[in-house]
Structure formats: C-alpha cells, structure tokens
Participant: 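Below are the structure tokens for one structure; questions will follow.
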Amino acid sequence: MSQDTWLVAGLGNPGPGYTHHRHNIGQKVVDELAVRLGANFKAHKARAQVAEGRLGIGGPRLVLAKPLTYMNLSGGPVAALAKFYSVDPAHVIAVHDEIDVDFGRVRVKLGGSENGHNGLRDISKAIATKAYPRVRVGVGRPPGRMEAAAFVLRDFSTAEKKELPFLIDDAADAVELLVTSGLEAAQERFAG
C-alpha cells in the first residue's frame, strides 16, 4: 500500500441536473482541490472522473475522484480506485453533504455511523470498513416537515449561494489539513 497517496472521493450524483444540489457539495470540494493542484479530471475505468496531483513540492499525492454512479452506489468506484492506486482505507477520504451539521460549517471525523447517508453506507460496505476519514460539509436541516432526501436534492438558497464559496474553501482546507497534519489537527481546526 502506498503511504503517501490519498484518495479523496467527492460524493454526488452525475449529470448537469444535479450539479448545484446540496447532495453534490462533495464534488464541488474536489473541484476546488483540483484547481489548487492545477489538475484536470479525466475519465477512469472505475466509473469515475479522476484528477491527480501533489500537495506542494514532494508532498503527499492526492487522487481526487468524482464517482459517475449515483450517490447510493458510490462504493463501487471508490473501492475500485482504492485498489487501482493501492490506497489503504485509512487514506480514503469521503467528502460529503451532512444535514446534521449547520450550513456553512465543516466537521472532520474518522469512522462511526453513516447517519443514514446512503453514499457513505455503500462505501463502508464496498471497502469492508467504516474506519475511513470523512469531511462532513454542513448543508443544514430540511425546513418544516420536508423529507431529508428531497432537501438534499434541491439547489442551495440564494442567501446560501453567496456563502457557498467560503464553505467549499473551508472543506478543501479541511482535506488538505487532514492529509498534511492528521486527524486531530483537522478536527481541532474545524470544531467551531
């Protein structure tokens, strides 16, 4: 297994109709990371778009991935890419929307419950462990009695769209800090 390679999976749904949905915030974060690395996405046989680069000169290698399956089937591409790039599950970072975190906040955790997130559940099943880091990007709770599934398949509000670049930037920072400084440092920085 490669010790300096990290697989960063930005979760979401494929296709232009889903691009701006809350559920696709993970893909927006890996898009930002690709810009920072100066890397371009290319099609990969693992049913994903992949971009590669290093964090700094001689720094850790990031393999950024956007699965081309629907959210609930994210595990297949993530497991295939982990195998292809020889990445240990401890170095697989799932970046995803989280309704249990307030909009505009980012949290970092290792393993634990998927909190009903079917994309995470599928990854846990496919890589046969829950012990992988997650960057949880807060999209807030659904209003009133709206179902969570309907809420995450909606665009952000006009007010949220103004804050979105800052949220994406923070989540990308969280991924970089997790890779370069470890879980504790990332959790401490993104605790507030």
Side-chain angles (χ1 to χ4, degrees), residues 6-37 39-53 62-82 87 92-101 103-109 114-127 132-142 146-157 160-161 163-176 178:
W6 292 76
L7 172 60
V8 184
L11 303 190
N13 286 315
Y18 295 99
T19 302
H20 301 294
H21 289 178
R22 288 174 175 85
H23 227 18
N24 278 44
I25 190 76
Q27 291 192 352
K28 291 188 175 301
V29 173
V30 294
D31 285 341
E32 169 60 22
L33 287 163
V35 168
R36 292 180 182 192
L37 295 176
N40 295 313
F41 283 95
K42 296 179 177 78
H44 192 280
K45 65 182 180 182
R47 295 177 300 152
Q49 291 281 324
V50 173
E52 301 175 48
L62 297 187
V63 177
L64 307 173
K66 296 191 286 187
L68 294 175
T69 55
Y70 284 89
M71 174 69 85
N72 296 357
L73 301 173
S74 299
V78 171
L81 289 169
V87 176
V92 173
I93 301 172
V95 185
H96 64 92
D97 60 307
E98 179 59 72
I99 63 171
D100 290 330
V101 174
F103 174 79
R105 303 276 183 219
V106 175
R107 296 288 178 274
V108 179
K109 80 174 200 173
E114 292 94 359
N115 293 342
H117 196 294
N118 291 327
L120 292 177
R121 188 175 291 131
D122 200 56
I123 291 171
S124 298
K125 182 178 169 190
I127 66 173
Y132 56 92
R134 298 118 191 242
V135 173
R136 305 162 69 213
V137 187
V139 297
R141 302 260 347 141
M146 184 186 289
E147 290 287 324
F151 178 67
V152 297
L153 292 175
R154 287 188 160 189
D155 288 2
F156 289 95
S157 72
E160 288 171 335
K161 285 177 185 171
E163 299 299 317
L164 208 48
F166 303 105
L167 177 58
I168 291 167
D169 212 41
D170 280 352
D173 288 349
V175 170
E176 290 184 352
L178 182 58

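Model, not experiment: these values are computed from the prediction. We number each residue from 1, following the sequence as shown.
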Participant: To the nearest 0.5 Å, what is the distance between CD (Q27) and NE2 (H21)?
Facilitator: 12.0 Å
Participant: Do R134 and V108 make a side-chain contact, defined as non-hydrogen atoms from C-beta onward lying under 4.5 Å apart?
Facilitator: no
Participant: Could you work out, with ring pair (Phe, Tyr, Trp, His ring centres under 6.0 Å) as the rule, every residue matching F156, not counting sequence neighbours?
Facilitator: F103
Participant: Between L68 and P14, what is the shortest heavy-atom contact and its length?
Facilitator: O-CG, 3.3 Å
Participant: Check this for me, if you would: do D100 and R141 make a salt bridge, where the nitrogen-to-carboxylate-oxygen distance has to be below 4.0 angstrom?
Facilitator: yes
Participant: Can you check side-chain contact (heavy atoms from CB on, under 4.5 Å) on V63 and V87, steps first, answer last?
Facilitator: CA-CA 10 Å; V63 177; V87 176; 5.5 Å; no
Participant: For the residue pair D122 and G76, what are the closest heavy atoms and their distance?
Facilitator: OD2-N, 4.0 Å
Participant: Can you name the nearest heavy-atom pair linking Q49 to A43, along with the distance?
Facilitator: OE1-N, 3.9 Å
Participant: Check step by step if side-chain contact (heavy atoms from CB on, under 4.5 Å) holds for L120 and L11.
Facilitator: CA-CA 9 Å; L120 292 177; L11 303 190; 4.2 Å; yes
Participant: As an exercise, state the distance from CD1 of I123 to OH of Y132, rounded to the nearest 0.5 Å.
Facilitator: 5.0 Å
Participant: Take R22 and E160 through the salt bridge (Lys or Arg N to Asp or Glu O under 4.0 Å) test and state the conclusion after the steps.
Facilitator: CA-CA 10 Å; R22 288 174 175 85; E160 288 171 335; 2.8 Å; yes
Participant: Could you grab the distance from atom CD1 of I25 to atom CZ of R136, nearest 0.5 Å is fine?
Facilitator: 15.0 Å
Participant: Any side chain to side chain donor-acceptor pair (under 3.5 Å) involving residues 65-79? Give me the pairs, sequence neighbours left out, ordered by first then second residue.
Facilitator: D31-K66
Participant: Please confirm whether R154 makes a cation-pi placement over F151, using NZ or CZ under 6.0 Å from the six-membered ring centre and within 45° of the ring normal.
Facilitator: no
Participant: Before giving the answer on side-chain contact (heavy atoms from CB on, under 4.5 Å), spell out for V101 and V106 the whole-Å C-alpha distance, their side-chain angles and the decisive distance to 0.1 Å.
Facilitator: CA-CA 7 Å; V101 174; V106 175; over 6 Å; no
Participant: Rounded to the nearest 0.5 Å, what separates atom CG in D97 from atom CG in L153?
Facilitator: 9.0 Å
Participant: Between H44 (side chain only) and A46 (backbone N and O only), is there a donor and an acceptor less than 3.5 Å apart?
Facilitator: yes
Participant: Of the non-hydrogen atoms in V30 and A9, which two are nearest, and what is the gap between them?
Facilitator: CG1-C, 4.4 Å
Participant: Say you draw a straight line from CD of E98 to CZ of R105; how long is it, rounded to the nearest 0.5 Å?
Facilitator: 15.0 Å
Participant: Sequence neighbours left out, cut at 3.5 Å: what donor-acceptor pairs do the side chains of residues 168-175 make with other protein atoms?
Facilitator:
{"from": "D169", "atom 1": "OD1", "to": "R36", "atom 2": "NH2", "distance (Å)": "2.7"}
{"from": "D173", "atom 1": "OD1", "to": "R36", "atom 2": "NH1", "distance (Å)": "2.8"}
{"from": "D173", "atom 1": "OD1", "to": "R36", "atom 2": "NH2", "distance (Å)": "3.0"}

Participant: Ignoring hydrogens, what is the shortest heavy-atom contact between N24 and T19? Give both atom names and the distance.
Facilitator: CB-O, 3.7 Å
Participant: Going from CG on L62 to CG on L37, what distance comes out if it is rounded to the nearest 0.5 angstrom?
Facilitator: 5.5 Å
Participant: A quick test of your reading: do over 12 heavy atoms of other residues, nucleotides or ligands sit less than 6.0 Å from NZ of K125?
Facilitator: no
Participant: Apply the test side-chain contact (heavy atoms from CB on, under 4.5 Å) to residues E176 and L33: give CA-CA distance (whole Å), side-chain angles for both, the deciding distance (0.1 Å), then the verdict.
Facilitator: CA-CA 9 Å; E176 290 184 352; L33 287 163; 3.9 Å; yes
Participant: Aromatic rings H23 and H117: how do their planes relate, parallel, tilted or perpendicular, breaks at 30° and 60°?
Facilitator: tilted
Participant: So which heavy atom on V92 is nearest to which on A82, and how close?
Facilitator: CG2-CB, 4.2 Å
